[in-house]
Asker: 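First, the structure itself, so that you have it in front of you.
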Protein chains: 4
Amino acid sequence: MGNVWGKNLQVSIFGESHGPGIGAVLGGFPAGIKLDLEYLEFEMGRRAPGQDDFSTPRSEKDEFEVLSGLFNGATTGAPLTVLIRNRNTKSGDYAKVKDMPRPSHADYAAEIKYKGFQDYRGGGHFSGRLTAPLVWAGAAAKQVLQSRGIMVGSHIQSIGGIEEPGFDLMKIEEGALDGLRKKRFPVLDEEKAEEMKAIVKKAKAEGDSVGGIVECVILGLPAGLGSPFFDSVESLLAHMLFSIPAVKGVEFGAGFQLAKMRGSEANDQYGMTEANGIEEIRTLSNHSGGVQGGITNGMPVVFRAAFKPVPSIAVPQKTVNLRTKTNEIIEIKGRHDPCIVPRAVPVVEAVAAFAVLDLLLAEGES
Amino acid sequence: MGNVWGKNLQVSIFGESHGPGIGAVLGGFPAGIKLDLEYLEFEMGRRAPGQDDFSTPRSEKDEFEVLSGLFNGATTGAPLTVLIRNRNTKSGDYAKVKDMPRPSHADYAAEIKYKGFQDYRGGGHFSGRLTAPLVWAGAAAKQVLQSRGIMVGSHIQSIGGIEEPGFDLMKIEEGALDGLRKKRFPVLDEEKAEEMKAIVKKAKAEGDSVGGIVECVILGLPAGLGSPFFDSVESLLAHMLFSIPAVKGVEFGAGFQLAKMRGSEANDQYGMTEANGIEEIRTLSNHSGGVQGGITNGMPVVFRAAFKPVPSIAVPQKTVNLRTKTNEIIEIKGRHDPCIVPRAVPVVEAVAAFAVLDLLLAEGES
Amino acid sequence: MGNVWGKNLQVSIFGESHGPGIGAVLGGFPAGIKLDLEYLEFEMGRRAPGQDDFSTPRSEKDEFEVLSGLFNGATTGAPLTVLIRNRNTKSGDYAKVKDMPRPSHADYAAEIKYKGFQDYRGGGHFSGRLTAPLVWAGAAAKQVLQSRGIMVGSHIQSIGGIEEPGFDLMKIEEGALDGLRKKRFPVLDEEKAEEMKAIVKKAKAEGDSVGGIVECVILGLPAGLGSPFFDSVESLLAHMLFSIPAVKGVEFGAGFQLAKMRGSEANDQYGMTEANGIEEIRTLSNHSGGVQGGITNGMPVVFRAAFKPVPSIAVPQKTVNLRTKTNEIIEIKGRHDPCIVPRAVPVVEAVAAFAVLDLLLAEGES
Amino acid sequence: MGNVWGKNLQVSIFGESHGPGIGAVLGGFPAGIKLDLEYLEFEMGRRAPGQDDFSTPRSEKDEFEVLSGLFNGATTGAPLTVLIRNRNTKSGDYAKVKDMPRPSHADYAAEIKYKGFQDYRGGGHFSGRLTAPLVWAGAAAKQVLQSRGIMVGSHIQSIGGIEEPGFDLMKIEEGALDGLRKKRFPVLDEEKAEEMKAIVKKAKAEGDSVGGIVECVILGLPAGLGSPFFDSVESLLAHMLFSIPAVKGVEFGAGFQLAKMRGSEANDQYGMTEANGIEEIRTLSNHSGGVQGGITNGMPVVFRAAFKPVPSIAVPQKTVNLRTKTNEIIEIKGRHDPCIVPRAVPVVEAVAAFAVLDLLLAEGES
């Protein structure tokens with residue numbers, strides 16, 4: 001329970017950071033999709049840990065094996081399964097972690113829930129590493145979406161308080177999304193990117209970490225997806241987004257800003273628009289983020305996910321020893337990401353792509 | 001599809017604004033709960049439309065009938081069903097709505113999805129009126145929670161940009177929540193309340209509307225609820241919150257603020273705390289909002305939901321005629337809430353209570 | 001939990017025999033279906049209790065109210081809800097039932113499960129009366145199926161050991177099914193019907209009851225429905241069939257007879273067949289009942305459900321007093337069906353129709 | 001879709017007969033269960049293909065790897081994943097199978113459903129080989145059940161029409177079930193076993209196959225499991241049983257025999273019974289198979305599953321060529337089981353154990 005999601009397209013994930021491997025089973029994946037393995041590798045690479053801060057190609061990659069559902073290069077309609085073996089799992093001295101929960105990690109909650117039986121090495125099943133199979137699943141979903149003219153793209157909207165402007169939702173183009181996808185540090189404004197990077201470097205130098213925001217857009221979705229009340233597009237996307245470790249906020253369209261607006265500002269009025277010789281009904285603004293009444297309205301779907309700073313930091317912190325019930329000081333050693341946001345970008349896209357494909361299949365677009 | 005939610009406790013809602021009635025079926029509701037009908041009426045009253053802006057007791061109320069699951073004053077374990085008949089449904093001239101979608105309403109998306117067969121009178125199945133059975137379901141859930149020492153409470157954190165401070169999460173007490181529950185305009189700071197009310201009145205006078213934010217807290221939840229990845233507490237609560245019409249943003253704990261923080265600020269460190277002679281492990285701050293790794297950690301669970309302004313406004317707006325494909329101007333007549341936030345407070349609590357009870361039942365706390 | 005079924009089409013049922021009413025909510029029902037209310041009434045009438053043994057038109061009928069999902073005579077796509085008020089619910093002296101469980105009724109199991117809080121009057125939520133909303137749901141589903149050329153029909157194959165031959169699966173025609181639907185006692189062989197009726201009358205005269213078997217066929221289903229392993233057509237149909245009170249056995253095609261056959265007899269070989277000038281691939285026999293590998297193969301889907309005798313009988317039976325823990329004798333008074341099989345026929349068809357429509361919608365045939 | 005089952009305990013299966021491997025992911029498996037790997041191997045061995053007809057220990061076994069959810073010998077509460085690599089997968093000339101569907105196999109239905117993209121080698125995802133991970137999952141579930149005093153056991157009730165008496169449900173003992181578990185050919189009456197074996201050998205010699213029936217009992221289940229209507233114990237068990245390839249009939253208690261009985265014979269009357277100095281309420285017969293109103297009543301749960309003969313036979317059969325649309329004759333070469341029933345016994349037990357554990361967890365017995 002908890003490791004399965006979806007209605008017509010269902011993903012089951014499994015694995016722990018330091019166990020034999022991690023992976024995912026995708027049930028209901030359409031038959032006859034020619035999976036582009038290079039594309040899958042590329043997307044996996046976007047999430048993989050890098051060598052230096054932001055730019056260098058990573059030295060190791062998450063090699064995957066397709067265990068089922070692929071035959072002669074195309075999906076079979078049977079469950080599509082991916083396995084990623086864990087390498088370099090020097091478990092070291094994790095006994096300490098077991099006794100002293102790291103602040104803002106899952107350690108303490110897991111100890112209570114699983115009564116001490118959880119695999120605590122490297123975060124176990126709670127590790128951000130589990131997002132690797134999610135990225136794989138999302139990349140496979142993206143290939144189906146692309147064949148239907150649907151594109152998912154995103155950028156880092158802020159890191160450590162440095163913010164760049166969001167997408168211009170009345171003008172966003174597929175080419176721009178494609179460009180972002182190829183960047184190691186996907187931003188719209190390169191100057192802001194330098195500021196963001198400087199913030200991360202400073203935090204890193206001080207043994208600290210920073211959070212940030214990812215903004216994501218889905219272009220080409222047909223109007224009419226989502227079902228009131230509980231399968232609203234926002235409910236389904238938010239459900240998946242909040243499954244990503246470290247996400248603590250999600251908003252659609254103008255989101256929290258809408259709470260400050262008046263109706264006359266916020267409302268997306270309608271107009272007849274001509275594009276390529278075709279007259280279409282479109283909204284004249286997109287504060288709703290492409291979703292009204294929980295259903296897509298044919299405009300770009302846009303949302304933002306807020307990531308908390310990585311909780312693994314070198315600076316000494318207060319904790320307790322769960323066995324001796326004494327107050328303690330913990331210093332988390334080892335190499336940790338000072339900012340997870342750049343690596344989180346493909347994860348956000350992946351869960352969104354997966355959720356959207358499930359919706360499309362539910363609507364009979366098989 | 002879309003009208004059912006929950007795993008061990010399942011709610012199915014039904015109805016349209018101008019049909020015979022609206023209601024809900026609750027499956028898996030525990031047997032032997034003595035339902036306090038006055039409490040249910042009180043909670044329904046919190047959501048019901050009022051006579052004047054904020055203070056007067058409302059003249060009409062949503063009378064409900066329990067159709068099943070209640071016997072000799074206690075729940076039977078069989079599905080618990082509530083029916084609320086629609087009254088005063090003068091459907092008037094809704095034919096116009098059918099042709100000219102109201103900006104930022106579900107009208108257009110529903111027209112596409114249901115191919116013109118939707119009941120468009122008063123928003124039909126998309127009407128905020130459908131939150132009445134949700135409040136009823138949540139109030140029933142609250143009675144089970146209260147018997148287990150769990151309390152849900154909330155306040156209006158902002159309206160139209162006027163903001164009051166949030167809960168002090170290290171000190172919040174049940175009595176304060178109980179006090180808020182009895183207020184027609186539940187705020188912590190009465191001076192801010194006056195400012196908020198003034199903003200609403202001004203918008204109303206100008207035929208406009210305003211949005212706002214509700215902050216909600218759940219006290220007394222045991223640690224260990226929620227399951228990674230897809231049944232994280234945040235995923236489940238957000239799923240339900242985004243089902244409420246007009247919610248466009250959800251955040252937990254410090255939420256979007258976390259994206260600006262450093263790990264050393266954001267992390268919730270641990271300490272041994274004495275309360276009533278019992279030594280307990282508690283966090284020394286609660287930026288996580290009581291949830292870590294998707295699982296409750298025994299601290300208050302806190303979250304915020306952002307509501308967009310009510311889209312029904314009197315000021316003229318651009319729209320299109322769906323039949324003639326021409327640009328049009330629409331003026332929405334009739335009495336509409338200039339701000340839905342006060343009435344949304346019990347809805348937020350209701351869906352949260354329902355989601356939390358489902359989790360408790362899933363964890364075997366039947 | 002337990003009162004909801006389906007994936008893309010979901011039914012929630014509610015109610016007790018002696019409560020205010022019973023009903024069903026259908027989520028995901030396609031928009032734009034013009035519901036034929038007379039047809040729904042007719043199907044309800046097939047299940048309704050009659051006045052004499054088999055022939056007289058019944059004096060009372062289950063009047064229903066459509067609470068939602070229907071507008072201008074067509075379904076809206078929003079949840080379709082039906083309510084059937086309970087009438088003539090003279091609860092009489094049911095206190096005795098509470099203390100002394102009736103043999104082979106749900107009384108004892110319910111007492112344990114619901115800790116004495118169950119509504120025990122007339123079987124409460126376990127009453128066969130709850131099949132009325134199922135018949136309504138199934139009749140609505142049948143109207144969608146008919147518009148796609150799919151027809152569900154059935155006959156009484158046996159009562160009290162008197163058996164008539166089953167359908168000839170290579171020759172069954174829609175007209176025959178239609179004829180059966182109009183019979184109060186739907187059999188293929190009228191002579192056998194007389195024998196069956198005699199058996200029932202004799203049992204009735206002796207204060208006893210008899211069981212029987214219903215055989216059902218679905219014509220016109222496309223090949224390719226159902227998904228291995230757990231959404232096999234047989235799994236889904238059997239799930240629903242075993243939800244009907246009194247069903248204790250289900251078999252597909254030649255069913256239990258297959259266990260005695262050799263592969264060379266049992267296998268359905270293939271051949272090219274010409275029908276209406278079109279060459280089709282068809283099996284040359286249909287021992288598989290139209291399902292192979294859990295997926296429809298385009299042949300008629302056929303199955304049988306075995307009903308135990310009605311447990312309410314007048315003859316004295318041993319039971320215990322749950323409070324005093326003493327052995328007792330119980331005599332069940334009142335008018336009870338001596339054989340439920342004729343009234344069960346539309347129930348079998350209904351759950352089958354519902355399950356099949358859910359499958360069709362899941363396959364994208366919306 | 002279709003490869004996931006369960007509510008609080010969820011199994012996802014994957015794999016094809018000739019792909020890299022097959023396996024299962026179990027979500028919601030309780031933490032802290034010390035898995036006995038030898039027991040798992042033993043159960044896998046019961047299902048594994050043997051060397052000679054019935055007696056010899058098999059030369060090869062299904063080696064499995066636990067990919068996740070196991071740490072220091074105990075389950076962690078995170079998804080428990082098993083992988084079984086495929087060996088000896090000489091795909092040979094399967095191109096022929098693709099064109100000419102084997103009678104009563106899934107070949108034709110799969111071709112239609114997956115539009116020719118299915119992995120047709122050795123039955124692909126439809127292969128009986130997929131029951132190996134089910135047996136593993138069931139064996140893991142059995143270990144949890146055993147720790148709660150619940151035991152699942154079964155015997156071959158018939159093969160090719162040779163039938164032995166069923167369990168005596170008022171007297172069945174755990175020791176007897178344990179004895180059956182250790183037999184390669186689990187029957188109660190060894191003389192009947194010889195007759196059954198003779199029937200199988202004869203069929204084999206003639207290039208043919210035979211079907212049979214497995215009877216299964218679950219001892220020690222508490223009363224009160226199962227929920228009306230759609231989560232009745234019978235619905236859930238039948239759902240899983242009909243997922244096993246080749247099962248075409250399922251019955252509970254006296255099953256189809258009940259259709260011939262009178263109520264006075266069929267009803268299970270109650271009496272106070274003394275066992276080990278404790279007075280208990282028990283039924284005086286068990287025609288209901290331990291389930292009344294869809295809920296367990298504390299008596300042994302008993303059911304039977306009918307298996308059709310293995311469709312792979314050497315005798316020539318009619319089929320068609322899907323490309324050329326011509327009638328053809330097919331002779332299925334290679335070594336095939338002449339009777340799958342002995343190997344199916346642990347599969348029946350496995351799915352039953354899994355379904356029952358899911359129910360127990362849903363009832364809060366975590």
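Here the structure is a predicted model, which is why all the values come from computation and not from measurement. Every chain is numbered from 1 and lettered A, B, ... according to where its sequence line falls, protein lines coming before strand lines.
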Asker: Which atom names give the shortest non-hydrogen contact between D:Tyr270 and C:Pro103, and what distance separates them?
Answerer: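 So the minimum-distance heavy-atom pair works out to CE1-CA, 3.8 Å.
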
Asker: Return the orientation label for the C:His239 and D:His239 ring planes: parallel under 30°, perpendicular over 60°, tilted otherwise.
Answerer: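 Ring orientation, 0 to 90° scale: perpendicular.
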
Asker: Answer with side chain, backbone, both or neither: which region of C:Val233 has an atom nearer than 4.5 Å to a non-hydrogen atom of chain D?
Answerer: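 C:Val233 has no heavy atom closer than 4.5 Å to chain D.
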
Asker: Measuring from atom CZ of C:Phe230 to atom CZ of D:Phe242, what distance do you get when rounded to the nearest 0.5 angstrom?
Answerer: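 The CZ atom of D:Phe242 is 15.5 Å from CZ of C:Phe230, to the nearest 0.5 Å.
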
Asker: Once you round to the nearest 0.5 Å, how far does CG of C:Asn267 lie from OG of D:Ser209?
Answerer: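 Interatomic distance, C:Asn267 CG to D:Ser209 OG, rounded to 0.5 Å: 6.5 Å.
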
Asker: Heavy-atom pairs under 4.5 Å with chain C - which of D:Ala106, D:Ala306, D:Gly293, D:Gly263 has more of them than the others?
Answerer: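 Answer, by heavy-atom pair count under 4.5 Å with chain C: D:Gly263.
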
Asker: To the nearest 0.5 Å, what is the distance between CE on D:Met272 and OG1 on C:Thr319?
Answerer: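 Going from the CE atom of D:Met272 to the OG1 atom of C:Thr319 covers 10.5 Å.
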
Asker: CD of D:Glu280 to NZ of C:Lys325: how many Å apart, nearest 0.5 Å?
Answerer: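 Answer rounded to 0.5 Å: 10.0 Å.
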
Asker: What part of C:Leu134 is in contact with chain D, defined as an atom under 4.5 angstrom from a non-hydrogen atom: side chain, backbone, both or neither?
Answerer: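 For C:Leu134, the side chain is the part near chain D, not the backbone.
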
Asker: Return the minimal non-hydrogen interatomic distance between D:Ala266 and C:Ser104, and the atom names on each side.
Answerer: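 Result for this residue pair: O-OG, 4.1 Å.
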
Asker: Taking all atoms of both residues into account, what is the closest heavy-atom pair of D:Gly224 and C:Lys113, and its distance?
Answerer: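 Scanning both residues, the minimum pair turns out to be O-NZ, 2.8 Å.
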
Asker: To the closest 0.5 Å, what do you measure between CG (D:Leu130) and CZ (C:Phe229)?
Answerer: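 So the CG of D:Leu130 and the CZ of C:Phe229 are separated by 4.0 Å.
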
Asker: Tell me, side chain or backbone of C:Ser285 under 4.5 Å from chain D's heavy atoms, or both, or neither?
Answerer: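 Interface part for C:Ser285: neither.
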
Asker: Check whether any side-chain heavy atom of C:Ser235 lies under 4.5 Å from a side-chain heavy atom of D:Met240, and answer yes or no.
Answerer: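 Answer no - side chains too far apart.
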
Asker: Given the options D:Phe307, D:Phe256, D:Tyr108, which has more heavy-atom pairs under 4.5 Å with chain C than any of the others?
Answerer: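 Highest number of pairs under 4.5 Å: D:Phe256.
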
Asker: Thinking salt bridges, do C:Glu163 and D:Lys260 make one under a 4.0 Å N-O criterion?
Answerer: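 Salt bridge: no.
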
Asker: State whether C:Glu234 and D:Lys248 are salt-bridged, where the test is any N-O pair (Lys NZ or Arg NE/NH1/NH2 against Asp/Glu carboxylate O) under 4.0 Å.
Answerer: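 Between D:Lys248 and C:Glu234 there is a salt bridge, with a charged N closer than 4.0 Å to a carboxylate O.
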
Asker: Which atoms of C:Tyr114 come close to chain D, meaning under 4.5 Å heavy atom to heavy atom: side chain ones, backbone ones, both, or neither?
Answerer: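 For C:Tyr114, side-chain heavy atoms alone lie under 4.5 Å from chain D.
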
Asker: How many angstroms lie between CD in C:Gln292 and CG in D:Asp107, if you round to the nearest 0.5 Å?
Answerer: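 That separation rounds to 9.0 Å.
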
Asker: Give the member of D:Thr283, D:Val310, D:Leu258 that has the highest number of heavy-atom pairs under 4.5 Å with chain C.
Answerer: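 Among the listed options, the one with the most contacts to chain C is D:Leu258.
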
Asker: For side chain to side chain contact (heavy atoms under 4.5 Å, CB included), just list the numbers for C:Glu251 and D:Glu251, CA-CA rounded to whole Å, side-chain angles, deciding distance to a tenth of an Å, and then say yes or no.
Answerer: CA-CA 8 Å; C:Glu251 60 179 5; D:Glu251 59 179 7; over 6 Å; no

Asker: Side chain, backbone, both or neither: which part of C:Ile313 has a non-hydrogen atom closer than 4.5 Å to chain D?
Answerer: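 It is the side chain, since no backbone atom gets that close.
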
Asker: Write down the atom of D:Lys318, the atom of C:Leu284, and the distance for their closest heavy-atom approach.
Answerer: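 Taking every non-hydrogen atom into account, CD-CD1, 3.7 Å.
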
Asker: Search all heavy atoms of C:Gly2 against all heavy atoms of D:Lys7 and return the closest pair with its distance.
Answerer: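 Heavy-atom minimum between the residues: N-NZ, 4.4 Å.
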
Asker: Checking C:Ser264 against chain D: side chain, backbone, both or neither under 4.5 Å from a heavy atom?
Answerer: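 Both backbone and side chain.
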
